[in-house]
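The structure appears below as structure tokens.
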Amino acid sequence: LVVGMLRLMWVATHARRITSGRWYDLAEEISRSYELRRPVTLLQSSHPSLLVTWGLAQPKVILPSAADSWTDERARVVLSHELAHIRRGDWLVQFSAELLRAFYWFNPLLWVTCRRLRLESEHACDDEVMRRGVEGTDYATHLIELARALNARRHIWFPAPAMARPSSLERRVRAMLNNGLDR
């Protein structure tokens with residue numbers, strides 16, 4: 001957990017801060033619609049596949065270098081999802097769960113709970129994006145294309161992003177395409 005946090009801080013320190021332009025304007029617009037009170041720092045790393053949201057008092061969204069080539073629609077979908085994590089306070093909850101798991105590493109129930117917590121967090125943010133007008137089929141298409149691109153470009157020393165792991169990706173796409181779900 002400590003090594004992961006140090007690596008994340010190192011990436012954030014070496015990332016370029018986005019203070020204007022398309023991404024900045026879009027983040028401001030979505031932050032207002034989510035009624036976020038905390039300012040969100042947008043960073044772009046030189047890493048081609050790292051997409052992560054973290055931080056509590058000063059939340060940060062780190063975009064991959066490939067984000068420059070994304071369409072406006074994809075940028076909106078990605079930022080809506082990532083800012084939904086901030087709005088929900090997912091980082092604090094998941095960090096606390098991981099800290100608990102680090103202390104009680106021998107308890108399989110905590111391993112299952114942490115995995116389920118991550119999956120439910122992703123589903124809740126997906127639902128939030130879809131409640132804001134993104135069609136499930138469009139969202140699923142973006143998610144699959146992003147997972148394909150991020151997995152193809154990731155380095156061996158960085159794990160696959162949670163959104164790109166096959167088991168969670170399949171569940172998320174299935175949920176997006178299920179029109180019977182109460183979002």
Side-chain angles (χ1 to χ4, degrees), residues 1-31 34 36-70 74-105 110-111 113-126 128-129 143 146-147 149-165 168-169 172:
L1 190 57
V2 171
V3 170
M5 284 302 300
L6 290 173
R7 189 173 0 172
L8 193 54
M9 288 190 300
W10 184 88
V11 169
T13 302
H14 291 86
R16 177 181 62 89
R17 188 176 183 144
I18 299 173
T19 57
S20 63
R22 169 177 82 138
W23 284 100
Y24 183 83
D25 295 340
L26 195 54
E28 287 291 312
E29 175 191 330
I30 296 168
S31 291
Y34 280 152
L36 293 178
R37 292 186 180 95
R38 298 166 293 180
V40 176
T41 302
L42 282 181
L43 303 169
Q44 187 169 25
S45 77
S46 59
H47 191 279
S49 65
L50 183 66
L51 176 61
V52 66
T53 299
W54 67 291
L56 182 63
Q58 297 176 331
K60 296 170 183 59
V61 176
I62 301 177
L63 301 167
S65 60
D68 287 335
S69 64
W70 294 351
R74 179 163 296 162
R76 179 174 295 282
V77 165
V78 167
L79 275 181
S80 294
H81 180 91
E82 297 304 321
L83 294 179
H85 280 298
I86 293 170
R87 179 177 186 227
R88 291 171 33 84
D90 286 342
W91 186 81
L92 178 62
V93 172
Q94 290 184 13
F95 183 79
S96 299
E98 292 296 327
L99 195 58
L100 190 61
R101 184 172 75 161
F103 282 111
Y104 295 104
W105 58 268
L110 277 173
W111 288 79
T113 302
C114 286
R115 184 176 184 277
R116 186 64 186 200
L117 182 64
R118 281 191 304 273
L119 182 62
E120 291 301 325
S121 169
E122 292 301 320
H123 281 294
C125 292
D126 291 341
E128 183 65 33
V129 172
L143 186 65
L146 275 171
L150 295 179
N151 270 334
R153 293 183 181 145
R154 75 180 175 94
H155 297 297
I156 193 132
W157 56 87
F158 278 99
M163 57 82 62
R165 291 189 188 114
S168 63
L169 180 64
R172 288 177 64 193

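Residues passing the side chain to side chain donor-acceptor pair (under 3.5 Å) test with Arg38: none are found, sequence neighbours excluded. Here Trp10 pairs with His14 under the ring-ring contact (aromatic ring centres under 6.0 Å, His included) rule; sequence neighbours left out. Contacts of Glu98 classified as side chain to side chain donor-acceptor pair (under 3.5 Å), with partners at least two apart in sequence or in another chain: Arg101, Arg118. Tyr24 is linked by a ring-ring contact (aromatic ring centres under 6.0 Å, His included) to nothing, counting only residues two or more places apart in sequence or in another chain.
Note that CG of Leu63 is 6.0 Å distant from CH2 of Trp70, once rounded to the nearest 0.5 Å. Atoms OG and CG, on Ser45 and Leu51 in that order, are 9.5 Å from each other to the nearest 0.5 Å. Separating the CG atom in Leu99 from the OH atom in Tyr104 is a distance of 10.5 Å, to the nearest 0.5 Å. Once rounded to the nearest 0.5 Å, the distance linking CG of Leu43 with CD1 of Ile18 reads 7.5 Å.
With Gln44 contributing its side chain and Pro64 its backbone, the two residues share a donor-acceptor pair below 3.5 Å. Side-chain atoms of Trp91 do not come within 3.5 Å of backbone N or O of Ile86 as any donor-acceptor pair.
The minimum heavy-atom distance between Ala84 and Tyr34, with the atom names listed, is N-CE1, 3.5 Å. Closest heavy-atom contact between Val129 and Val77: CG2-O, 4.2 Å. The minimum heavy-atom distance linking Ala97 with Cys114 is given by the pair O-SG, 3.5 Å. Here the shortest heavy-atom pairing between Ala12 and Trp54 reads CB-CZ2, 3.7 Å. Of all non-hydrogen atoms in Trp23 and Ala67, the two that sit nearest each other are CZ2-O, 3.4 Å. Taking every heavy atom of both residues into account, Ser31 and Leu83 meet most closely at OG-CD1, 3.7 Å.
Each of Leu26, Ile62, Leu79, Thr19 was evaluated against Leu42; a single residue qualifies, Leu79, per the side chain to side chain contact (heavy atoms under 4.5 Å, CB included) test.
Residue pairs that meet the side chain to side chain donor-acceptor pair (under 3.5 Å) test with at least one member in residues 75-84, sequence neighbours left out, are Glu29-Arg76, Thr53-Glu82, His81-His85, His81-Glu122, His81-Asp126, His81-Tyr139. Residues in residues 12-26 take part in these salt bridge (Lys or Arg N to Asp or Glu O under 4.0 Å) pairs, two or more places apart or across chains: Arg22-Asp72.
Looking at heavy atoms from C-beta onward, Cys125 lies in side-chain contact with Asp90 at the 4.5 angstrom threshold. At least one side-chain heavy atom of Leu6 sits under 4.5 Å from a side-chain heavy atom of Met9. Looking only at side-chain heavy atoms (C-beta outward), Leu110 and Phe103 stay at 4.5 Å or farther from each other.
Between Glu128 and Arg87 there is a salt bridge, since a side-chain N of the basic residue sits under 4.0 Å from a carboxylate O of the acidic one.
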side-chain contact (heavy atoms from CB on, under 4.5 Å), that's the test. Do Leu143 and Arg172 meet it? Break it down for me. CA-CA 9 Å; Leu143 186 65; Arg172 288 177 64 193; 3.8 Å; yes
